[in-house]
Participant: 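Structure below; questions to follow.
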Amino acid sequence: METKDNNLKLPQIDRKLAHDIRNSLAVIKMDSETALLTENLASDVKKILRQIGIEVDNINKMFD
Amino acid sequence: MRILLVEDDERLATRLKKGLEVKGFAVDHVTNGIKAVTRISLYRSEYDSIVLDLMLPGKDGFDVCTEIRALGVKTPVIILTAIHDVEDKVRALDAGADDYLVKPFSIEELCARIRALTRRPENSLPVVVKAGPIEMHASTKKVYCDGKEIELTLKEFSLLEYLMRHPNQVLNREQIMDHIWGFDFNSFSNVVDVHIKNLRRKLNYSKGRPLIETVWGFGYRFNDSV
């Protein structure tokens, strides 16, 4: 029977790489948040921008 | 409120600066640790908070924090980092940082943390500021004059807050400009005079001495004993 083990663990992510990836995620998150502050934004655009923020958080959680 | 942002990633710095400015902060930006220490040691009393990235060229965030604390700078420091690591957090806090935020973060959270740090008793920035007939609520951005609510723009609010937090002191145009608009703003602009004029008009207070007094040749003074 197949069991879960730690063999699938990713190698330790390099600090510089983590820094670059998280900075890029932060840029996307800031862009979507700043865009949300725009007045008279269509509700579907707002929805997409909020979803972008959620997806950024999801990607980020994979690194934790 | 004036913030020094120390961040080497230009893409992120541009967005952070814009986001903080939209929320009413004046933001100065430097791109490396050496410039940060120089700027902070020269203008230590000018900043209400420092937002400091950890991985910086020249001198990293840990060293910047340690050096400015050794110089006696007490300005609150919030560390920004991409590394979710307990060791880093402990090291940053031990180096003198007051708070720690892992990227990517929400600009709302950063603003709330800045407000929380500047509310600490040792930083003596009360949430409700009262001076003369004016009552100002820093967290809700509401202003009352003789109990009547006054609608102000973000810049007008920041300007009034700066004047009220320095009652009876003459503040020159350059000081006001630096604190409210940041170092990058055109110093030949008459933006301070225009905003003072608008503030006076909106406050519309005409009993006794003027609330915001012009001190000819110097600048402006907020009188809290009108």
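Hydrogens, waters and symmetry mates play no part in the numbers below; they use all other heavy atoms, side chains included. The model shown is predicted, which means the values in this text are computed figures rather than measured ones. Note on naming: letters A, B, ... go to the chains in the order of the sequence lines (proteins, then strands), and numbering restarts at 1 for each one.
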Participant: B/E21: which residues meet the salt bridge (charged side-chain N to carboxylate O under 4.0 Å, His left out) condition with it, sequence neighbours left out?
Facilitator: B/K17
Participant: Looking only at heavy atoms, what is the nearest atom pair of B/A82 and A/A18, with distance?
Facilitator: CB-O, 3.8 Å
Participant: Out of B/K18, B/K103, B/E7, which one racks up the most heavy-atom pairs below 4.5 Å with chain A?
Facilitator: B/K103
Participant: Is the number of heavy atoms from other residues, nucleotides or ligands under 6.0 Å of B/K59 NZ greater than 12?
Facilitator: yes
Participant: Once rounded to the nearest 0.5 Å, what's the spacing between atom CG of B/L12 and atom OG of A/S24?
Facilitator: 9.0 Å
Participant: Would one find more than 12 heavy atoms of other residues, nucleotides or ligands at under 6.0 Å from atom CD of B/E149?
Facilitator: yes
Participant: Less than 3.5 Å apart, which donor and acceptor atoms pair up between the side chains of residues 27-44 of chain A and the rest of the protein, not counting sequence neighbours?
Facilitator:
from: A/K29; atom 1: NZ; to: A/D57; atom 2: OD1; distance (Å): 3.2
from: A/K29; atom 1: NZ; to: A/D57; atom 2: OD2; distance (Å): 3.1
from: A/D31; atom 1: OD1; to: B/R15; atom 2: NE; distance (Å): 2.7
from: A/D31; atom 1: OD2; to: B/R15; atom 2: NE; distance (Å): 3.1
from: A/D31; atom 1: OD2; to: B/R15; atom 2: NH2; distance (Å): 3.1
from: A/S32; atom 1: OG; to: A/I28; atom 2: O; distance (Å): 3.4
from: A/S32; atom 1: OG; to: A/K29; atom 2: O; distance (Å): 2.9
from: A/E33; atom 1: OE1; to: B/I107; atom 2: N; distance (Å): 2.8
from: A/E33; atom 1: OE2; to: B/S106; atom 2: OG; distance (Å): 3.0
from: A/T34; atom 1: OG1; to: A/M30; atom 2: O; distance (Å): 2.6
from: A/T38; atom 1: OG1; to: A/A35; atom 2: O; distance (Å): 2.7

Participant: Under 4.5 Å from any heavy atom of chain B, what part of A/N23 do you find: side chain, backbone, both or neither?
Facilitator: both
Participant: To the closest 0.5 Å, what do you measure between CD1 (B/I83) and CZ (A/R22)?
Facilitator: 7.0 Å
